[in-house]
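Structure record follows, encoded as structure tokens.
Indexing begins at 1, ligand by ligand and atom by atom, following the structure's order.
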Amino acid sequence: MRLVLLGAPGSGKGTQAARLKTALGVPHISTGDMLRAAVAAGTAMGLKAKAVMEAGQLVSDDILLGMLEERLAQDDARAGFILDGYPRNLAQADALDQLLLKIGQPLDAVIKLEVPNAAIIGRCEIRFKAEGRADDNPDTVRKRLAIYAEQTAPVADFYARRGKLQVVDGVGELDQITARIRHALQRKPAVTD
Ligand code: AMP
């Protein structure tokens, strides 16, 4: 299974991907986690990304594509993957299409988790207190939501036009949301123009 999880920051992509990976038998690839690991390790890429991430902005497409290409070349991704946090704009969606074409691994499905902004802001506040992620402070979350609306929301339409998108309600108990995603993965999505 080759799956992309779309959704605003705090919509539950990471939580749901961690639950789905065992059931689907594929790795959870989070570009945010990979970048945070690079920042923590103090690599050259991490040093470049740190300030951009703390400001709630997007790290450059080139860095992301290189990082993703390397990750997808690893053995465990041969069986498929759950991609969380990529693509975040139309250029990345195009680049992903081309990369997957090149490695002969087209996407099977794209799930978008739908959560109202008010709930997102509340969830990120809780995560900010629990984990202390600088980009979860309320002002930065608002910025990240604006970037999501402007740059990432069109990615859902990109996949809807290709007949890959399923929209899932991301509000409720975790088990309920996981069940909704698994159910959606069994359905055939509609193609929109
Ligand atoms: P996330 O954990 O997915 O919310 O990502 C945390 C931060 O990492 C984002 O706010 C961006 O600064 C950066 N990031 C993660 N994925 C991407 C991406 N696909 N493109 C650009 N920046 C990204």
Is a salt bridge present between Glu69 and Arg71, judged by a nitrogen-to-oxygen distance below 4.0 Å?
-> no
Test log, rule salt bridge (Lys or Arg N to Asp or Glu O under 4.0 Å), inputs Arg144 and Asp136 | CA-CA 9 Å; Arg144 290 165 71 203; Asp136 276 337; 3.0 Å; yes
Determine the sole option in Arg187, Arg180, Gln186 for which the side chain to side chain donor-acceptor pair (under 3.5 Å) test with His183 is passed.
-> Arg187
May I ask you to identify the nearest protein heavy atom to [atom], giving residue, atom name and distance to one decimal place in Å?
atom	result
atom 8 (O) of ligand 1	Met53 CE, 3.4 Å
atom 9 (C) of ligand 1	Arg88 NH2, 3.8 Å
atom 10 (O) of ligand 1	Arg144 NE, 3.8 Å

More than 12 foreign heavy atoms under 6.0 Å from NZ of Lys21: is that the case here?
-> no
Flag if over 12 foreign heavy atoms under 6.0 Å of CZ, Arg127 = yes
Linking I/L/V/M/F/W/Y whenever their side-chain heavy atoms sit closer than 4.5 Å, directly or via other members, would Ile147 and Tyr86 fall into one cluster?
-> no
For ligand 1 and [X], I'd like to know whether there is a polar contact (N/O to N/O, distance under 3.5 Å).
X	result
Gln57	yes
Arg36	yes
Asp84	no
Asp33	no
Val59	yes

Numbering as shown, the atoms of ligand 1 that approach [X] to under 4.0 Å (heavy-atom distance):
X	result
Gln92	18 (C), 19 (N), 20 (N), 21 (C)
Gly85	16 (N), 17 (C), 18 (C), 19 (N)
Thr31	15 (C), 16 (N), 17 (C), 19 (N)

Start with the C-alpha gap between Leu83 and Leu5, add the side-chain angles, then the distance that decides, and say whether side-chain contact (heavy atoms from CB on, under 4.5 Å) holds.
-> CA-CA 6 Å; Leu83 210 44; Leu5 283 184; over 6 Å; no
Residue portion contacting ligand 1 (non-hydrogen atoms closer than 4.0 Å) for Arg133 = side chain
Check each heavy atom of Leu35 against ligand 1 and say whether those closer than 4.0 Å belong to the side chain, the backbone, both or neither.
-> side chain
Between the side chains of Thr178 and Asp175, does any donor sit under 3.5 Å from an acceptor?
-> no
Ligand 1 contacted by Gln151 (non-hydrogen, < 4.0 Å) = no
Give the C-alpha distance, both sets of side-chain angles, the deciding distance and a yes or no for side-chain contact (heavy atoms from CB on, under 4.5 Å) between Phe81 and Leu107.
-> CA-CA 9 Å; Phe81 49 79; Leu107 284 180; 4.0 Å; yes
